[in-house]
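Every heavy atom of this structure was used, including side-chain atoms; hydrogens, water molecules and symmetry mates were not.
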Amino acid sequence: MTGRVRIKRLLEQGLVGTEVTVAGWARSVRGGKGVAFIALNDGSSLNGIQVVVDAALPRFEEIARLGTGSSLAVTGILTASPAAGQRFELAALSVTIYQNASPDYPLQKKRHSFEYLRTIAHLRPRTNTFGALFRVRSFLAQAVHRFFAQRGFLYVQTPIITANDCEGAGELFRVTTLDPVSPPLVKGKADFSADFFGVPTGLTVSGQLEGELFALAFSDIYTFGPTFRAENSNTPRHAAEFWMIEPEMAFADLAADAALAEEFLRYLCCQLLEECPEELEFFNRQVDTGLIERIRTVAETKFQLMEYGDAIRELQKATVPFVYPVAWGVDLQTEHERYLTEQVVNGPLFVINYPKEIKAFYMRQNDDGRTVAAMDLLVPKVGELIGGSQREERLELLERRMAEMGIATEGLWWYLDSRRWGSCPHAGFGLGFERLIIYLTGMENIRDVIPFPRTPRHAEF
RNA sequence: UCCCCAUUAGCUCAGUCGGUAGAGCAGGUGACUGUUAAUCACCUUGUCCGUGGUUCGAGUCCGCGAUGGGGAGCCA
């Protein structure tokens with residue numbers, strides 16, 4: 001529509017006395033004899049605008065009885081509101097009804113459970129919570145790109161379809177064009193040489209290995225794209241399709257990696273506090289009362305750093321009982337991570353230098369012969385938010401480690417090549433975008449921070 | 001995948017000791033109103049998740065299944 005102004009802008013400008021046109025969806029319609037009020041929202045901000053319709057207007061009876069969710073455009077004069085509750089309101093000169101929503105509109109003028117809203121994910125963006133959430137999500141995505149752009153990082157789009165099946169980062173979704181009922185067979189098994197790519201392929205579980213190749217050409221790079229895991233995980237923190245941010249820096253060690261992660265998180269916190277105060281206040285009020293305080297703390301306090309060995313000692317002297325026993329060499333369980341980040345430091349915590357047996361093959365082996373230069377960033381509520389490492393850049397050590405861990409080298413010849421010519425120290429990390437949003441909004445379920453969540457048995461919408 | 005909990009009106013939920021189902025909101029009608037998830041009065045709405053069993057009788061007890069949620073594992 002020509003001349004339409006977004007409600008956010010209209011409220012910010014506050015040009016009382018001017019004639020404007022807005023369009024949106026009615027959140028609430030209160031009709032009377034002499035005047036009707038419409039709370040109109042177009043998604044541009046948490047607050048809508050109150051439209052005041054005088055009974056003298058044509059079709060007043062119809063307008064006053066519009067159902068919640070109706071779509072309309074209103075041309076009117078912006079005026080200072082005489083009543084409490086809003087600074088401005090729109091005195092309607094004309095109202096165009098696109099569609100009067102019928103009374104069975106599933107979103108009522110009341111609080112709904114997140115579980116119910118998940119079943120109407122096609123409509124939930126029209127609610128206050130999901131409106132605020134997806135504005136924050138969009139803002140954070142743009143802030144991610146801004147952060148890396150300002151620091152000269154190259155944005156690389158790594159492939160979504162991959163033939164790497166040996167990264168050990170989770171089960172692959174199979175990508176194939178073979179007939180599922182009767183695929184071509186060789187010795188009783190599907191003949192993938194007849195498949196589209198001529199080899200078994202799947203959806204990527206990580207862009208890291210390809211990201212490393214670009215880091216060894218452009219120095220500093222990052223990826224930000226969809227990631228897929230076919231794990232049968234049923235938790236509030238796991239989805240089969242999620243978005244991951246993976247920076248990779250050449251000529252960098254673990255300390256530089258951790259420094260980048262900290263600077264990155266702090267940047268996002270500051271940006272959010274500065275640019276999305278309305279949304280943050282809403283979440284702080286409705287979802288998680290400690291939210292703003294927590295984000296401020298992250299933005300201002302230096303992150304703690306702890307050696308894996310010290311973490312183990314810290315856990316061993318803890319007075320709380322753990323279900324899983326603690327000893328050097330075991331991986332930290334969720335209960336351990338939460339104790340460390342919530343009880344010991346009460347804030348973000350890097351745990352670094354893990355035993356090599358519990359970490360991936362590509363992580364750089366430390367001089368002690370038993371640990372690798374890995375880091376996990378643990379945060380209260382969420383647990384592991386970031387996982388990263390300095391990569392093993394020494395060809396012989398990498399090959400030996402792959403052999404020890406039973407990783408086939410054939411499919412990864414190109415990865416090994418990167419260690420053959422011009423190899424150098426490099427490091428990077430992966431950050432789950434949805435987990436970041438959970439952390440920065442106080443929402444508790446990953447299914448409520450992604451538009452249309454994909455989890456076991458759920459691919460609707 | 002394992003463990004625990006839940007499933008009752010369109011939504012949110014109550015339902016006592018096993019005796020045949022209720023509230024608020026939504027919706028309808030009317031009144032009233034510069035209102036704020038408006039208010040007031042009256043009214044409508046049920047496969048009590050499904051299935052089998054125990055019982056004179058099951059929303060309620062037991063078995064099996066489905067779905068949802070939480071915890072765990074896997075991980076971001």
Side-chain angles (χ1 to χ4, degrees), chain A residues 26-39 41 47-55 64-65 67-69 79 81-86 89 91 102-120 127-128 167-171 204-208 224-246 261 322-324 331-338 358-360 376-379 382-388 429-439 444-450 455-458:
Chain A
R27 287 287 179 82
S28 140
V29 180
R30 299 178 290 276
K33 266 193 180 134
V35 67
F37 300 93
I38 303 169
N41 190 292
N47 291 317
I49 183 124
Q50 166 157 283
V51 175
V52 184
V53 185
D54 192 89
R65 297 173 66 84
T68 301
T79 53
S81 179
Q86 61 280 316
E89 60 188 27
S102 64
D104 55 359
Y105 182 52
L107 287 173
Q108 298 171 10
K109 292 187 284 184
K110 56 170 279 191
R111 210 183 166 92
H112 291 287
S113 69
F114 289 142
E115 288 84 354
Y116 171 65
L117 291 171
R118 264 170 232 154
T119 68
I120 51 166
T127 64
N128 282 338
E167 293 172 19
E171 289 292 313
T204 183
V205 296
S206 164
Q208 182 200 313
F224 185 5
T227 308
F228 307 88
R229 305 269 167 96
E231 298 286 356
N232 188 13
S233 296
N234 294 284
T235 87
R237 292 175 298 282
H238 289 84
E241 176 184 286
F242 61 99
W243 285 64
M244 190 152 64
I245 299 151
E246 296 180 288
F322 292 121
V323 175
Y324 292 89
D331 205 357
L332 299 181
Q333 302 295 313
T334 298
E335 58 174 349
H336 305 140
E337 294 180 343
R338 293 196 63 154
I358 58 174
K359 288 292 180 184
D376 283 355
L377 180 69
L378 311 177
V379 297
V382 174
E384 187 179 339
L385 183 61
I386 286 177
F429 63 80
L431 178 145
F433 188 48
E434 284 74 20
R435 288 190 180 177
L436 175 77
I437 297 168
I438 287 173
Y439 187 58
E444 296 197 328
N445 198 309
I446 197 165
R447 293 174 274 238
D448 297 326
V449 300
I450 189 165
T455 54
R457 298 183 307 282
H458 289 286

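- Here A72(B) presents its P atom at 14 Å from CD of E384(A), a figure rounded to the nearest Å.
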Discussion item. Working note: V323(A) + E335(A), criterion side chain to side chain contact (heavy atoms under 4.5 Å, CB included); need CA distance, chi angles, decisive distance, verdict.
Written reply: CA-CA 8 Å; V323(A) 175; E335(A) 58 174 349; 3.7 Å; yes
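- On a pure distance criterion of 3.5 Å, no polar donor-acceptor pair joins the side chain of S233(A) and the base of C75(B).
- Only the P atoms considered, C11(B) is 15 Å distant from C48(B), to the nearest whole Å.
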Practice prompt. Any chance you could list the contact pattern along nucleotides 7-12 of chain B? Use B for base contacts, S for sugar-phosphate-only contacts and - for none, protein heavy atoms under 4.0 Å, 5' to 3'.
Written response: ---BBS
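- When the C1' atom is compared between U39(B) and G59(B), the two are found 35 Å apart, to the nearest whole Å.
- Contact check, K109(A) against A38(B): a side-chain N or O comes under 4.0 Å of OP1 or OP2.
- Considering only side-chain atoms of Q333(A), the nucleotide from G73(B), U35(B), G68(B) that sits closest is G73(B).
- An OP1 or OP2 oxygen of G73(B) is reached within less than 4.0 angstrom by a side-chain nitrogen or oxygen of T334(A).
- Comparing A41(B) with G57(B), their C1' atoms are spaced 40 Å from each other, to the whole Å.
- For the residue pair H458(A) and T455(A), no side-chain donor N or O sits within less than 3.5 Å of a side-chain acceptor on the partner.
- Using C1' as the reference atom, G50(B) and A72(B) are 29 Å apart when rounded to the nearest Å.
- Close to G28(B), at under 4.0 Å from its OP1 or OP2, lies no side-chain N or O of R65(A).
- Taking a pair as Watson-Crick or G-U wobble with both distances under 3.5 Å, the runs of three or more consecutive pairs in RNA chain B are B:1-7 with B:66-72, B:10-13 with B:22-25, B:27-31 with B:39-43, B:49-53 with B:61-65.
- For A26(B) and C42(B), the P atoms lie 16 Å apart once the distance is rounded to whole Å.
- Minimum atom distance to the side chain of R118(A) is reached by G69(B), of the listed G68(B), G69(B), C75(B).
- Rounded to whole Å, the separation between the P atoms of C4(B) and C75(B) comes to 25 Å.
- A pairwise comparison of heavy atoms in W243(A) and E434(A) identifies N-OE1, 3.0 Å as the closest pair.
- Each of N234(A) and I386(A) was matched to the nucleotide of RNA chain B holding its nearest heavy atom; the match closer to the 5' end belongs to N234(A).
- Side-chain nitrogen and oxygen atoms of R30(A) include at least one within less than 4.0 Å of the OP1 or OP2 phosphate oxygen of A38(B).
- Using a 4.0 Å cut-off, some side-chain N or O of R447(A) falls inside it from OP1 or OP2 of G69(B).
- An aromatic stack links F242(A) and the base of A76(B), using centre distance under 5.5 Å and interplanar angle under 30°.
- Distance noted for atom C1' between G65(B) and G18(B): 24 Å (whole Å).
- For E231(A) (side chain) and E171(A) (main-chain N/O), a donor-acceptor pair under 3.5 Å exists by modelled atom type.
- Of all heavy-atom pairs between G48(A) and N41(A), the closest is N-ND2, 3.9 Å.
- Residue R237(A) places at least one side-chain N or O closer than 4.0 Å to OP1 or OP2 of A72(B).
- Taking atom P on both nucleotides, A66(B) is separated from G27(B) by 38 Å, rounded to a whole Å.
- Heavy atoms of T235(A) sit under 4.0 angstrom from at least one base atom.
- Under 4.0 angstrom from either OP1 or OP2 of U36(B) there lies no side-chain N or O belonging to Q86(A).
- Take the nearest nucleotide of RNA chain B for N232(A) and for S28(A): the residue whose nucleotide is more 5' is N232(A).
- Nearest heavy-atom pair, H336(A) versus D331(A), reported as atom, atom and distance to 0.1 Å: ND1-O, 4.5 Å.
- No donor-acceptor contact under 3.5 angstrom links the side chains of T227(A) and R229(A), judged on distance only.
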